[in-house]
Protein chains: 2
Amino acid sequence: MTSTPSPRVTIKDVAARAGVSKGAVSLAFNHKPGLSEATRDRIFAAARELGWAPSLTARSLAGARVDVVGLAICRPAQMLGLEPFYMEFISGVESVLTERSCSLLLRLVRSPEEEAGLLDSWWKGRQIGGSILVDFRADDPRVAAAERLGLPVVAVGHPSLTGGLTSVWTDDATAVTEAVRYLAALGHRRIARVGGAAALGHTGIRTAAFDEAARVLELAGAWQVTTDYSGEAGARATRSLLTAAPVDRPTAIVYDNDVMAVAGLSVAAEMGLSVPGDVSLLAWDDSQLCRLTHPTLSAMSHDVHGFGADAARTLFGVITGEGPGSHPVPTPVLTPRGSTAPPKM
Amino acid sequence: MTSTPSPRVTIKDVAARAGVSKGAVSLAFNHKPGLSEATRDRIFAAARELGWAPSLTARSLAGARVDVVGLAICRPAQMLGLEPFYMEFISGVESVLTERSCSLLLRLVRSPEEEAGLLDSWWKGRQIGGSILVDFRADDPRVAAAERLGLPVVAVGHPSLTGGLTSVWTDDATAVTEAVRYLAALGHRRIARVGGAAALGHTGIRTAAFDEAARVLELAGAWQVTTDYSGEAGARATRSLLTAAPVDRPTAIVYDNDVMAVAGLSVAAEMGLSVPGDVSLLAWDDSQLCRLTHPTLSAMSHDVHGFGADAARTLFGVITGEGPGSHPVPTPVLTPRGSTAPPKM
DNA sequence: AGCGCTTTCTCAACCGGTAAAGTCCCAATC
DNA sequence: GATTGGGACTTTACCGGTTGAGAAAGCGCT
């Protein structure tokens, strides 16, 4: 059962086998000039025969770059499972990391403060070469932490939240405005929004944009509530919005993610209201979920995978000192499906 | 803007500040005997003042254990976003890792072969101290790879799939049997199962168990199809099952995850069939999603978070050489909700 | 006082790489 | 023929810790 205890093969073994010095092996494996083709081949052959790959640990200790990118997520564990957003975002990040043989160091944290501390130890411990920061709040401690450390990061969030950090973000204000305009154009005058976590910066941006859009369009009714993004909370919020008398209740509801919209749909069904007959629902983030319900959910859709990939690419830009710098990603676009229609009267 | 470029503080600085040698600092930080209380305090004080934390990179190079656990996931990126399973599993893993100040190294791969190679380089590169292996297939190359490397791993999968590796698993056969028995007890005689990816080992186990249960219970009709776990595939499968003439089609369908069950629910609605009146649906994995639909979905429910935590704890057991060893986790239990009932006639 | 024993620390040799400086050899130039 | 200039490697000094082999100091005991 217990096979040979794996005698670790090191650069020295490879050097010996190829009949060269450690330095030569290092040069070969980093594709640096100063070696003849013949030697290079001999070294690679020796490495292949021995099944050797350079130890990233040692490499990073010796001052070279670190091939690991950090990502800390600060949300209650339970919610993470359901939110398709993160996994999709992560898979986008991964798609870029994989191209460059990098790995992702993931950690769930409970607060931005804890995350700031984590970044500190990750960076000082040379565990990561850079980090992706998500879910910004007002006065986020991570901005100062990253700057103080000189840690290369890309901040996923609007520049108004991310201080001077290189950022990628979605234009939430425009998207919210478009969502409200669309519903208003259908004829809705009483519109509600079931928002995400109040503490999150982009929730604030969306809330302000919704207010502004409601003012400009002179809506007869505009409600906003914040939740914790969970389906349960979305259901609760929907229930409370729809229990008002028909003339007072919203005829359209915008949700800040798709899980809450799905929950809202089922609440409408449970209350005997038809969608989109009695109430229109508009989701956000548009994962596959929106196409699996009946009726299908209209959504502000959004290439989350691409968003993650973009964030990762931008981070590499920061690390190498070139590349794009801060920029917005494409604004979510309205994808009408079966859950939105003009109000009945 | 550019603050001080963060002059890295090392063990030497701490040693100097505390007036001791590097070795002493090392002893203190590893809680090893041989230092007086006074010196110990002095060292910790110095470290605190300097904001120093030991470099895990250097530490692991020097032969100490590595505080990182690997996890590679081999599924198409797109599906990952929607499958609540993984994020919930990961959050369970994290909950245990966090207690021990460990991090998770995550990577999405395209094949078990690629994963085997990744484990090789992670381990040889001393990037991980152990790994969690999921989604076993028949003759999985990772079994041999882990054994050859002497890499501490915990395999998430039935022992029949994981070779001699320390494993944790759910008893899928029993769970499937229970699901079928339950539906049969309600009076269903024509039952279908929409399974997951055929290549996956546990899909095979469930398929065999379903066949066996159908045989034992002498069901009049038993269908099984395999899918890729996506909602789309679940919808397609459901559609094709339900288009048969009423007397020939299944009156109950079991799904291998909850996303496909949600999709199935919407297909039934779209076809004008009532759930559970015309057809009963039973989901698997029971994320929050099952409680957000209308009707709510009955499910074989399953503490996925706890499963992840258990896997992580077992891995630590393997690493330290003590702990539980291979064991099953609690079998999923049937949670009846609104989507299952006796068949109409 | 001399001897052995601890306890408390220091020293120096690694761990497995990287990178700057140094060595050698040979062709080209003055 | 001596000098210069590279190309092709090797040497050596780290990177930031750990670790085992001492060394110095304090203490009890004969």
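Letters go in sequence order (proteins before strands), and every chain restarts at 1.
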> Assess whether atom CG of B:D139 is packed by more than 12 heavy atoms of other residues, nucleotides or ligands within 6.0 Å.
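Count not over threshold, so no.
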> Taking atom types as modelled, is there a side-chain donor on B:S326 or B:T166 under 3.5 Å from an acceptor on the other?
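No donor-acceptor contact under 3.5 Å links the two side chains.
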> Using a cut-off of less than 4.0 Å, is there contact between a side-chain N or O of A:S36 and OP1 or OP2 of D:dC9?
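For D:dC9, OP1/OP2 do have a side-chain N/O of A:S36 under 4.0 Å.
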> Could you give me the CA-CA distance, side-chain angles and deciding distance for B:D13 and B:R17, then say whether salt bridge (charged side-chain N to carboxylate O under 4.0 Å, His left out) is met?
CA-CA 6 Å; B:D13 305 315; B:R17 194 154 187 4; over 6 Å; no
> Whole Å only: how far is the CG atom of A:D13 from the C1' atom of C:dG17?
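Answer to the nearest Å: 13 Å.
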> For B:W52 together with B:F29, are the ring centres under 6.0 Å from each other?
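Yes.
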> A:V20 has a side chain; which of D:dT10, D:dC9, D:dG16 sits nearest to it?
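For A:V20, the side-chain atoms sit closest to D:dT10.
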> Taking atom CZ of B:R110 as the centre, does the number of heavy atoms from other residues, nucleotides or ligands within less than 6.0 Å exceed 12?
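Not more than 12 within 6.0 Å, no.
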> So what does A:L35 hit on the nucleic acid, given a heavy-atom distance under 4.0 Å: a base, only sugar-phosphate, or nothing?
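Since only primed, P, OP1 and OP2 atoms lie under 4.0 Å of A:L35, the category is sugar-phosphate.
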> Salt bridge between B:R148 and B:D120, side-chain N to carboxylate O under 4.0 Å?
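Salt bridge between B:R148 and B:D120, a charged N being under 4.0 Å from a carboxylate O: yes.
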> Quick check on the helix from C:dA1-D:dT30 to C:dC30-D:dG1: what's the angle between its two end axes, five base pairs per end, to the nearest 10°?
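Terminal axis comparison yields 60°.
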> Quickly work out the A:L61 CG to D:dC14 C1' distance and round it to whole Å.
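Value for this atom pair: 10 Å.
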> Can you check each nucleotide of nucleotides 18-28 of chain D against protein heavy atoms at under 4.0 Å and return B for base, S for sugar-phosphate only, - for none, in 5' to 3' order?
BB---------
> Report yes if a side-chain nitrogen or oxygen of B:S21 is closer than 4.0 Å to either non-bridging phosphate oxygen (OP1 or OP2) of C:dT10; otherwise report no.
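B:S21 to C:dT10 OP1/OP2: side-chain N or O found under 4.0 Å.
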> With heavy-atom distances below 4.5 Å as the criterion, would you say the side chains of B:D135 and B:R75 are in contact?
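Yes; the side chains approach each other to less than 4.5 Å.
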> Would you say B:T39 places a side-chain N or O within less than 4.0 Å of OP1 or OP2 belonging to C:dC9?
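Checking C:dC9 against B:T39, a side-chain N or O does come within under 4.0 Å of OP1 or OP2.
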> If you find the nucleotide of DNA chain C closest to B:R126 and the one closest to B:G19, which residue's nucleotide is nearer the 5' end?
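The residue closer to the strand's 5' end, by nearest nucleotide, is B:G19.
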> Rounded to whole angstroms, how far apart are CG on B:L56 and C1' on D:dC15?
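These atoms are roughly 15 Å apart.
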